[in-house]
Amino acid sequence: MKSKLSKGAYFYSLLIILFPLIMFILMNKFLQLMQDYSHWGITAFVIFSIIITLFVVFWGFFVEMNLRMAIIAFNEDGVEIKQFLGLGKKIFFSYNDLDGFVTKGFKSRGRYQEYTYLIQNNVAVSVFSSMYYNNYNEIREATVKYLKRLS
(Lines give C-alpha, C1' and ligand atoms only; values in the text may rest on other atoms or scores of the structure.)
Protein backbone atom coordinates (compact mmCIF):
# COMPACT_ATOMS: atom_id res chain seq x y z
CA MET A 1 0.00 0.00 0.00
CA LYS A 2 1.49 3.33 -1.11
CA SER A 3 0.26 6.77 -0.10
CA LYS A 4 -0.97 9.33 -2.61
CA LEU A 5 -0.54 13.01 -1.81
CA SER A 6 -3.50 15.30 -2.38
CA LYS A 7 -3.51 18.43 -4.53
CA GLY A 8 -3.54 20.43 -1.30
CA ALA A 9 -0.17 18.99 -0.28
CA TYR A 10 1.37 20.06 -3.59
CA PHE A 11 -0.28 23.48 -3.31
CA TYR A 12 1.11 24.05 0.21
CA SER A 13 4.53 22.89 -0.95
CA LEU A 14 4.46 25.41 -3.76
CA LEU A 15 3.50 28.15 -1.30
CA ILE A 16 6.35 27.17 1.03
CA ILE A 17 8.83 27.33 -1.84
CA LEU A 18 7.50 30.63 -3.26
CA PHE A 19 7.04 32.41 0.09
CA PRO A 20 10.67 33.64 0.46
CA LEU A 21 10.68 34.94 -3.12
CA ILE A 22 7.41 36.80 -2.62
CA MET A 23 8.62 38.27 0.68
CA PHE A 24 11.89 39.37 -0.94
CA ILE A 25 10.00 41.16 -3.72
CA LEU A 26 7.61 42.81 -1.25
CA MET A 27 10.41 43.92 1.10
CA ASN A 28 12.40 45.27 -1.86
CA LYS A 29 9.38 47.33 -3.01
CA PHE A 30 8.75 48.52 0.55
CA LEU A 31 12.36 49.65 0.98
CA GLN A 32 12.26 51.43 -2.39
CA LEU A 33 9.18 53.33 -1.24
CA MET A 34 10.87 54.29 2.03
CA GLN A 35 14.33 55.04 0.63
CA ASP A 36 14.57 58.66 1.82
CA TYR A 37 12.63 58.19 5.03
CA SER A 38 14.45 56.87 8.08
CA HIS A 39 12.67 55.57 11.17
CA TRP A 40 13.34 52.80 13.67
CA GLY A 41 9.90 51.32 12.90
CA ILE A 42 10.90 50.57 9.32
CA THR A 43 13.99 48.70 10.48
CA ALA A 44 11.92 46.79 13.05
CA PHE A 45 9.34 45.89 10.39
CA VAL A 46 12.01 44.58 7.99
CA ILE A 47 13.68 42.53 10.75
CA PHE A 48 10.30 41.12 11.82
CA SER A 49 9.51 40.21 8.21
CA ILE A 50 12.85 38.42 7.84
CA ILE A 51 12.25 36.46 11.05
CA ILE A 52 8.75 35.43 9.94
CA THR A 53 10.07 34.39 6.52
CA LEU A 54 12.82 32.26 8.07
CA PHE A 55 10.32 30.64 10.44
CA VAL A 56 7.89 29.80 7.62
CA VAL A 57 10.67 28.37 5.44
CA PHE A 58 12.22 26.26 8.22
CA TRP A 59 8.82 25.04 9.45
CA GLY A 60 7.66 24.34 5.92
CA PHE A 61 10.72 22.40 4.85
CA PHE A 62 11.68 20.58 8.03
CA VAL A 63 8.26 19.84 9.51
CA GLU A 64 5.62 19.97 6.82
CA MET A 65 7.51 18.75 3.75
CA ASN A 66 10.03 16.52 5.51
CA LEU A 67 7.79 14.86 8.08
CA ARG A 68 4.15 15.29 7.02
CA MET A 69 4.35 15.30 3.21
CA ALA A 70 6.33 12.12 2.73
CA ILE A 71 5.37 9.19 0.52
CA ILE A 72 4.70 6.20 2.77
CA ALA A 73 4.62 2.62 1.48
CA PHE A 74 3.57 -0.36 3.61
CA ASN A 75 4.68 -3.80 2.49
CA GLU A 76 5.18 -7.20 4.13
CA ASP A 77 8.67 -6.34 5.43
CA GLY A 78 8.10 -2.87 6.84
CA VAL A 79 7.43 0.79 6.10
CA GLU A 80 9.33 2.79 3.51
CA ILE A 81 9.23 6.58 3.84
CA LYS A 82 10.41 8.95 1.08
CA GLN A 83 10.72 12.46 2.46
CA PHE A 84 10.00 15.78 0.69
CA LEU A 85 7.02 14.72 -1.42
CA GLY A 86 8.77 11.50 -2.38
CA LEU A 87 11.79 13.36 -3.80
CA GLY A 88 13.98 13.13 -0.69
CA LYS A 89 15.90 10.33 0.92
CA LYS A 90 14.37 6.93 1.50
CA ILE A 91 14.09 5.57 5.04
CA PHE A 92 13.04 1.99 5.78
CA PHE A 93 11.64 0.80 9.12
CA SER A 94 10.98 -2.82 9.93
CA TYR A 95 7.71 -3.33 11.81
CA ASN A 96 9.75 -4.72 14.72
CA ASP A 97 11.73 -1.46 14.91
CA LEU A 98 8.58 0.65 15.35
CA ASP A 99 6.80 0.83 18.70
CA GLY A 100 3.42 1.44 17.09
CA PHE A 101 1.24 4.37 16.10
CA VAL A 102 -0.83 7.12 17.70
CA THR A 103 -3.84 8.82 16.13
CA LYS A 104 -4.93 12.37 16.97
CA GLY A 105 -7.96 14.13 15.58
CA PHE A 106 -9.11 17.74 15.62
CA LYS A 107 -11.55 20.04 13.90
CA SER A 108 -10.06 22.52 11.45
CA ARG A 109 -11.84 24.91 9.10
CA GLY A 110 -15.12 23.19 9.72
CA ARG A 111 -13.86 19.71 8.93
CA TYR A 112 -12.45 16.89 10.95
CA GLN A 113 -8.73 16.26 10.41
CA GLU A 114 -6.88 13.21 11.64
CA TYR A 115 -3.14 12.69 12.03
CA THR A 116 -1.45 9.32 12.51
CA TYR A 117 2.06 9.26 13.97
CA LEU A 118 4.43 6.32 13.51
CA ILE A 119 6.40 6.04 16.77
CA GLN A 120 9.92 4.71 17.34
CA ASN A 121 11.54 5.09 20.79
CA ASN A 122 8.84 7.60 21.85
CA VAL A 123 9.59 9.85 18.85
CA ALA A 124 7.40 10.38 15.78
CA VAL A 125 9.39 9.21 12.76
CA SER A 126 6.59 9.90 10.29
CA VAL A 127 3.21 11.60 10.27
CA PHE A 128 0.43 11.24 7.76
CA SER A 129 -2.88 13.03 7.76
CA SER A 130 -6.26 13.19 6.12
CA MET A 131 -5.33 16.72 5.06
CA TYR A 132 -2.37 15.78 2.85
CA TYR A 133 -3.30 12.29 1.58
CA ASN A 134 -6.05 11.23 -0.83
CA ASN A 135 -5.95 7.62 0.38
CA TYR A 136 -5.55 8.35 4.10
CA ASN A 137 -8.11 5.73 5.19
CA GLU A 138 -6.36 2.98 3.21
CA ILE A 139 -2.97 3.93 4.67
CA ARG A 140 -4.46 4.01 8.15
CA GLU A 141 -5.96 0.53 7.65
CA ALA A 142 -2.51 -0.74 6.65
CA THR A 143 -1.10 0.88 9.79
CA VAL A 144 -3.68 -0.87 11.95
CA LYS A 145 -2.93 -4.15 10.19
CA TYR A 146 0.85 -4.07 10.73
CA LEU A 147 1.39 -1.98 13.88
CA LYS A 148 -0.08 -1.78 17.35
CA ARG A 149 -1.96 1.25 18.63
CA LEU A 150 -0.30 3.17 21.46
CA SER A 151 -2.35 5.24 23.87
Side-chain angles (χ1 to χ4, degrees), residues 1-30 41 43-151:
M1 169 63 52
K2 188 174 180 180
S3 63
K4 296 175 188 160
L5 289 169
S6 67
K7 290 177 185 174
Y10 291 112
F11 176 71
Y12 288 132
S13 300
L14 185 64
L15 287 179
I16 291 167
I17 292 168
L18 291 178
F19 187 78
L21 177 66
I22 293 168
M23 286 301 289
F24 175 77
I25 292 169
L26 289 175
M27 284 294 100
N28 193 24
K29 289 292 182 187
F30 177 74
T43 305
F45 176 72
V46 170
I47 291 170
F48 179 73
S49 298
I50 291 170
I51 290 170
I52 292 296
T53 301
L54 289 174
F55 175 77
V56 167
V57 169
F58 284 124
W59 179 267
F61 274 104
F62 295 112
V63 175
E64 294 296 325
M65 290 177 72
N66 184 30
L67 189 63
R68 295 183 181 158
M69 293 182 198
I71 301 294
I72 301 168
F74 286 89
N75 56 43
E76 295 299 321
D77 301 330
V79 181
E80 183 179 274
I81 300 166
K82 291 183 191 173
Q83 299 171 329
F84 293 106
L85 305 166
L87 303 173
K89 75 176 184 175
K90 222 185 271 190
I91 303 170
F92 181 80
F93 294 101
S94 170
Y95 294 124
N96 296 330
D97 295 340
L98 295 171
D99 299 334
F101 71 96
V102 175
T103 303
K104 303 283 182 186
F106 61 94
K107 196 166 187 166
S108 171
R109 296 184 196 141
R111 341 183 333 207
Y112 180 76
Q113 300 289 331
E114 191 172 275
Y115 281 82
T116 300
Y117 301 83
L118 300 181
I119 307 294
Q120 180 185 41
N121 300 327
N122 293 327
V123 176
V125 293
S126 182
V127 181
F128 54 96
S129 72
S130 57
M131 182 173 155
Y132 292 139
Y133 292 94
N134 282 335
N135 62 342
Y136 172 77
N137 290 330
E138 295 169 12
I139 296 296
R140 187 149 178 290
E141 287 174 14
T143 307
V144 171
K145 178 181 174 184
Y146 292 114
L147 298 170
K148 68 177 181 176
R149 179 186 300 271
L150 304 172
S151 339

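Sorted by first then second residue, the salt bridge (charged side-chain N to carboxylate O under 4.0 Å, His left out) pairs that include residues 73-82, not counting sequence neighbours, number zero. Identified under the side-chain hydrogen bond (donor to acceptor under 3.5 Å, both in side chains) test for residues 9-29, with sequence neighbours left out: Y12-R109.
Partners of I22 according to the side chain to side chain contact (heavy atoms under 4.5 Å, CB included) rule, which considers only residues two or more places apart in sequence or in another chain, are L18, L26. For Y117, there are no side chain to side chain donor-acceptor pair (under 3.5 Å) partners, not counting sequence neighbours. By the ring-ring contact (aromatic ring centres under 6.0 Å, His included) test, F24 pairs with no residue at all, sequence neighbours left out. Residues forming a ring-ring contact (aromatic ring centres under 6.0 Å, His included) with F11 (at least two apart in sequence, or on another chain): none. The ring-ring contact (aromatic ring centres under 6.0 Å, His included) test applied to F93 returns no partner, not counting sequence neighbours. In this structure F128 satisfies the ring-ring contact (aromatic ring centres under 6.0 Å, His included) test together with Y136, sequence neighbours excluded. By the salt bridge (Lys or Arg N to Asp or Glu O under 4.0 Å) test, E141 pairs with no residue at all, sequence neighbours left out. Residues satisfying the side chain to side chain donor-acceptor pair (under 3.5 Å) criterion with S130, sequence neighbours excluded, are Q113.
Closest approach of P20 to V57, counting heavy atoms only: CG-CG2, 3.3 Å. When every heavy atom of D99 is checked against every heavy atom of N122, the shortest pair comes out as OD2-N, 3.5 Å. The heavy-atom pair separating Y146 from N75 by the smallest distance is CZ-O, 3.9 Å. Between I119 and L150 the shortest heavy-atom distance is CB-CD1, 3.9 Å. The minimum heavy-atom distance between V127 and I72, with the atom names listed, is O-CD1, 4.5 Å. When every heavy atom of A70 is checked against every heavy atom of S3, the shortest pair comes out as O-OG, 3.9 Å.
For the atom pair F74 CZ and M1 CE, the distance stands at 9.5 Å (nearest 0.5 Å). Within the model, atoms CZ of R140 and OG of S129 stand 12.5 Å from one another, a figure rounded to the nearest 0.5 Å. Here NZ of K2 is found 10.5 Å from CD1 of I139. Values are rounded to the nearest 0.5 Å. Note that the NZ atom of K4 and the CG atom of N134 stand 8.0 Å from one another [nearest 0.5 Å]. Here the OH atom belonging to Y115 is positioned 13.0 Å from the OG1 atom belonging to T103, to the nearest 0.5 angstrom.
Contact check for V79 versus S126: no side-chain heavy atoms found under the 4.5 Å cut-off. Side-chain contact between F101 and R149: present, with at least one pair of heavy atoms (C-beta onward) separated by less than 4.5 Å. Between Y112 and E114 the shortest side-chain heavy-atom distance falls below 4.5 Å.
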Which atom pairs, one a donor and one an acceptor, fall under 3.5 Å between side chains of residues 60-68 and the rest of the protein, sequence neighbours left out?
{"unit_1": "E64", "atom_1": "OE1", "unit_2": "Y132", "atom_2": "OH", "d": "2.5"}
{"unit_1": "E64", "atom_1": "OE2", "unit_2": "W59", "atom_2": "NE1", "d": "3.3"}
{"unit_1": "E64", "atom_1": "OE2", "unit_2": "R68", "atom_2": "NH1", "d": "2.8"}
{"unit_1": "N66", "atom_1": "OD1", "unit_2": "Q83", "atom_2": "NE2", "d": "3.1"}

Residues 44-56 side chain polar contacts: donor-acceptor under 3.5 Å, at least two apart:
{"unit_1": "S49", "atom_1": "OG", "unit_2": "F45", "atom_2": "O", "d": "2.9"}
{"unit_1": "T53", "atom_1": "OG1", "unit_2": "S49", "atom_2": "O", "d": "2.8"}

